[in-house]
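Beneath this line is the structure, given in structure tokens, with notes to follow.
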Amino acid sequence: MKSKVGLVDCNNFFVSCERVFPPDLKEKPLVVLSNNDGCAISRSNEAKALNIRMGEPYFKFVSIAKKHDIKIFSSNFELYADLSRRVMATIKTMVPLINVYSIDEAFLDLSAIPDHKIEVFCQELQERVQQWTGIPISIGVSYTKTLAKVANICAKREKGIRILLKETEIDEVLSSLPVKEVWGVGHKYTACLKNHHIETALDLKKVPLKWVRQFMSVIGERIVWELNGQVAYPLETQEASKKMILVSRSFKKPLSSFEDLSSFICAFTEKAAEKLRKENKLATHVYIFIKTDRFHQKEYYANGYEINLDRPSDETLTLIRASQAGLKKIFYPKHQYKKAGICFTRLIDASHVQYSLFSHPLEKRRIMLTKTIDQIKRKFGSKGIFYGDFSLKAFELTQREHLSPCYTTKWGQLAKVL
DNA sequence: TCTGGGGTCCTAGGACCC
DNA sequence: TCTGGGGTCCTAGGACCC
């Protein structure tokens, strides 16, 4: 029996999250903005109808927003992550084998459901997720992840569910799907394919493997396999462990002093180190980068520096020292820095490290310190305690003017029923 | 004035080894 | 006069994803 893959995709996920608790937002146009309230990253259907594009800078549509009373939200990832967990947990009550692909998507193993029952099954799933979490979802079903993605595009258009299991039906859908809509085909590949008169997903499906290998490497080859119903991307039901951890931000106002940048790097490192410990990983390398405004190409400066740590570490103070040393290497005064970040790479499992932590007294004390600070943060929030002299400034410089409450993760911000 | 953040995978080519 | 070559590891950079 051929395996069947479902793809659940939460509709306009961030916007839908914002709609779960307030009662008055159901049919209003709504937009969620990126960090610093920079640009649109999620739009309700009503906002899409007003021609607000994905990634469009807020300043470009602020007047349309005012005119049509579009509700604007800063991104609230704490809320989204929690609702995402609830959606995934709900799906698991009906489908044991799922591959969580992103915050708002999961592939499902539906092989056990007979073809003729699959539509009803999906309807039940959709209703359950809506009822239990308040989040609307679309479901596409086919034989491979890539085809399930295609089915999901159809489902979105038809507002719901699309089962693509008949060969003729699959080809019919592929023939009217522009090739750029296919999962894994970005703008570069689209341009390349267009040059060779490959316009639709069906054209791509029929391309010889040898040809696609030459122009799109093994990636293209896999896409073609998958369009033909051959699995190239199996379901991964084990959560993959992270290979890198990155924290970066753009600044609302550019920074030029070493001290200011350094305080941000310090705050980023602290944040990244917390993630690292949560993942139970140690960093072996610390990469730091800074950039000026990419929209001003003339004076553009971007640079990064990687530090190889003496010993793998997950401990904030060591990592901060490394990042500060890295910053010194690449910082030049006189530039207006618009973005900076820190990246821990080549992570290893904390449990696999051989050396004894307790053989270094200094290190032992630092680990205790890190643990204590983590505890204080859990109790009093991230501003309760922090490293360095400037972090508070760093907190305030990230602008989120339209932030919604963390309804589900902070006691003080629970939704009120009046 | 104002333009996001966090990831993964693949490849080519250099370094190095025997 | 002759002047190797195969294998592996590492890294930077590209392309794509949500």
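In this text, all values refer to a predicted model and were calculated from it rather than measured experimentally. Just so we're on the same page: letters track the sequence lines, and every chain starts at 1.
Here A/K60 lies out of heavy-atom contact (under 4.0 Å) with every strand. Contact annotation for A/D104: backbone-only contact, meaning every heavy-atom pair under 4.0 Å involves sugar-phosphate atoms and none involves a base. At a threshold of 4.0 angstrom between heavy atoms, the contacts of A/Y101 are confined to the sugar-phosphate backbone, with no base atom among them. Across all strands, A/Y189 comes closer than 4.0 Å only to sugar-phosphate atoms, never to a base (heavy-atom distances). Residue contacts for A/V100: at a heavy-atom cut-off of 4.0 Å it reaches no nucleic acid atom on any strand shown. Among the atoms of the strands shown, only primed sugar atoms or phosphate atoms (P, OP1, OP2) are found under 4.0 Å from some heavy atom of A/I245. A/V62 comes within 4.0 angstrom of nothing in the nucleic acid, heavy atoms only.
Heavy-atom nearest nucleotides on DNA chain B were determined for A/Y58 and for A/S217, and the one closer to the 5' end corresponds to A/Y58. Nearer to the 5' terminus of DNA chain B, by closest-nucleotide assignment, is the contact made by A/P254 (compared with the other of A/P254 and A/V218).
Base pairing analysis places C/dC18 opposite B/dG5; the two distances defining the Watson-Crick or G-U wobble pair are each below 3.5 Å.
When the C1' atom is used for both C/dC17 and B/dG4, the distance is 15 Å, rounded to whole Å.
At a threshold of 4.0 Å, the pair A/K149-A/E226 does not count as salt-bridged, since none of the basic side-chain nitrogens sits closer than that to a carboxylate oxygen.
For A/N195, the CG atom sits in a packed shell: over 12 heavy atoms of surrounding residues, nucleotides or ligands are nearer than 6.0 Å. Taking a 6.0 Å sphere around OH of A/Y332, one finds it holds 12 or fewer heavy atoms contributed by other residues, nucleotides or ligands.
Between A/Y301 and A/Y337, the ring planes lie perpendicular to each other; the angle is over 60°, past the 30° to 60° tilted range. The aromatic rings of A/F14 and A/F77 sit perpendicular, their planes meeting at an angle over 60°, well past the 30° parallel limit. Under the 30°/60° scheme for interplanar angles, the aromatic rings of A/F264 and A/F251 are found to be tilted.
Reading DNA chain B from its 5' end, the first and the last nucleotide to sit under 4.0 Å from a heavy atom of chain A are B/dC2 to B/dT11.
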Discussion item. Between A/Y143 and A/W225, does the ring pair (Phe, Tyr, Trp, His ring centres under 6.0 Å) criterion hold? Intermediate values first, please.
Written reply: CA-CA 11 Å; A/Y143 297 112; A/W225 275 107; over 10 Å; no
